[in-house]
Amino acid sequence: MQPLFLVLLISQTAPAYDARETPAADDALLPANARQWDSAGEVAWGPAPYRTRFRALWNAHGLHLRFDAEDDAPWFTMTERDDPLWEEEVVEIFLDPTGDGRYVEVEVNPAGVVCDLRRLGPGEAGTDEIPVPSGVMDRGFDVEGIEAGVVRGPGRWTTTLFLPWSGLGRDGALEPGVAMRFNLFRIERPGGPEAPADGAVFAAWSPTGNPSFHVPAAFRRLILAP
């Protein structure tokens, strides 16, 4: 069975996402049941039964992210930071925090393992089997101070992330109205570790127009809202 690529023409009027400011402490939003998540706006994408929902909040210290991934049988084999998690099941964010095109890529698998790196330039389209670019990337880059939590429950898994502004290269105070370009992704492999390519789903929140996720032209704006 061939992989399913959810790609459409790139919208010229792609909407933005407003991440609301929160007074919560930096570690208060790592639990998935933290009540502050109720105040965050939500976007969703992907096919049933593999819908993914995303929420974000921010404060003076960093960006708080949450992914809720519908999945009856999440799986993983990789357990070390910076393993090539895209070869299995992940949720992902690409974020250009400084506006210079060197966007940060952060992936989390159902075990809470993190892969973080930085893209130094535009990638190239991937193959039908592996929609990843052959462009330049900095595998040694880490988002210093990153924290992640995962909760696995019936029919879904949820990951929360805290990305410090300092780890993203944003120095100085941030205020409402600041915008950064970003995109969101999900890789689902219902064939399991025995057949990870069978029926694989590669779902982009903002469609990229080709099998690669690495299309900065498809990025939308993440706005730091009051």
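Taking all atoms of both residues into account, the shortest heavy-atom contact from A44 to R51 is CB-NH2, 3.4 Å. When all heavy atoms of A218 and P207 are compared, the pair lying nearest together is CB-O, 3.5 Å. Nearest heavy-atom pair, A40 versus A56, reported as atom, atom and distance to 0.1 Å: CB-O, 3.9 Å.
For residues 106-117, every residue pair satisfying the side chain to side chain donor-acceptor pair (under 3.5 Å) rule, not counting sequence neighbours, is listed here: R81-D116. Within the structure, every pair that satisfies the side chain to side chain donor-acceptor pair (under 3.5 Å) test and touches residues 156-168, not counting sequence neighbours, is listed here: D68-T158.
The side-chain heavy atoms of N183 and T208, taken from C-beta on, include a pair separated by under 4.5 Å. Contact check for P216 versus D96: no side-chain heavy atoms found under the 4.5 Å cut-off. Between E144 and P164 there is no side-chain heavy-atom pair separated by less than 4.5 Å. Between E105 and M137, the closest side-chain pair of non-hydrogen atoms is not below 4.5 Å.
Under the ring-ring contact (aromatic ring centres under 6.0 Å, His included) criterion, F162 pairs with H64, sequence neighbours left out. In terms of the salt bridge (Lys or Arg N to Asp or Glu O under 4.0 Å) criterion, residue partners of D138 (sequence neighbours excluded) are, by chain and number, R118. Every residue two or more places apart in sequence or in another chain that forms a salt bridge (Lys or Arg N to Asp or Glu O under 4.0 Å) with D100 is listed here: R102. Judged as a salt bridge (Lys or Arg N to Asp or Glu O under 4.0 Å), and not counting sequence neighbours, the contacts of E70 are R53. Considering only residues two or more places apart in sequence or on other chains, D72 meets the side chain to side chain contact (heavy atoms under 4.5 Å, CB included) condition with none of them. Taking the side chain to side chain contact (heavy atoms under 4.5 Å, CB included) definition, one finds that E21 meets it with W58, P176, sequence neighbours left out. Partners of P97 under the side chain to side chain contact (heavy atoms under 4.5 Å, CB included) rule, at least two apart in sequence or in another chain, are L95, V104, L168, R170, M180. When the salt bridge (Lys or Arg N to Asp or Glu O under 4.0 Å) test is applied to E188, the partners found at least two apart in sequence or on another chain are R186. Legend: residues meeting ring-ring contact (aromatic ring centres under 6.0 Å, His included) with Y17, ordered by chain and number and at least two apart, are F54.
In the hydrophobic cluster analysis, where Ile, Leu, Val, Met, Phe, Trp and Tyr join through side-chain heavy atoms closer than 4.5 angstrom, V150 is grouped together with V114. I93 and I223 sit in two unconnected hydrophobic clusters of ILVMFWY residues. Membership requires side-chain heavy atoms under 4.5 Å apart, directly or through other members. Both V143 and V91 are part of a single hydrophobic cluster, where members link through side-chain heavy atoms under 4.5 Å apart. In the hydrophobic cluster analysis, where Ile, Leu, Val, Met, Phe, Trp and Tyr join through side-chain heavy atoms closer than 4.5 angstrom, F141 is grouped together with L163. In the hydrophobic cluster analysis, where Ile, Leu, Val, Met, Phe, Trp and Tyr join through side-chain heavy atoms closer than 4.5 angstrom, L57 is grouped apart from L174.
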Distance-only donor-acceptor hits, side chain of residues 25-36, under 3.5 Å, sequence neighbours excluded:
| unit_1 | atom_1 | unit_2 | atom_2 | d |
| --- | --- | --- | --- | --- |
| D26 | OD1 | N59 | ND2 | 3.1 |
| D26 | OD1 | H61 | ND1 | 3.1 |
| D26 | OD2 | H61 | ND1 | 3.4 |

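Note that CZ of F219 and CG of L184 are 10.0 Å apart. Values are rounded to the nearest 0.5 Å. Atom CG in D71 sits 6.5 Å away from atom OH in Y50 (nearest 0.5 Å). From D198, atom CG reaches atom CZ of R189 across 10.5 Å, with rounding to the nearest 0.5 Å. Interatomic distance, CD of E88 versus SG of C115, reported as 11.5 Å (0.5 Å rounding). Residue R181 holds its CZ atom at 10.5 Å from CZ of R221, rounded to the nearest 0.5 Å.
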Q) How far apart are the C-alpha atoms of D82 and D142, what are their side-chain angles, what is the distance that settles it, and do they pass the side-chain contact (heavy atoms from CB on, under 4.5 Å) test? A) CA-CA 9 Å; D82 291 338; D142 286 329; 3.4 Å; yes
(Q) Could you walk me through whether S39 and T22 satisfy the side-chain contact (heavy atoms from CB on, under 4.5 Å) test, starting with their C-alpha distance in whole Å, then the side-chain angles of each, then the deciding distance to 0.1 Å, before giving a yes or no? (A) CA-CA 9 Å; S39 68; T22 176; 5.8 Å; no
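Screening F182, W205, F185 against F94 for a ring-ring contact (aromatic ring centres under 6.0 Å, His included) leaves a single residue, F185. Remark: of the listed residues P190, P193, P110, P193 is the sole one forming a side-chain contact (heavy atoms from CB on, under 4.5 Å) with W75.
Taking the six-membered ring for Trp, F202 and W86 have ring centres at least 6.0 Å apart.
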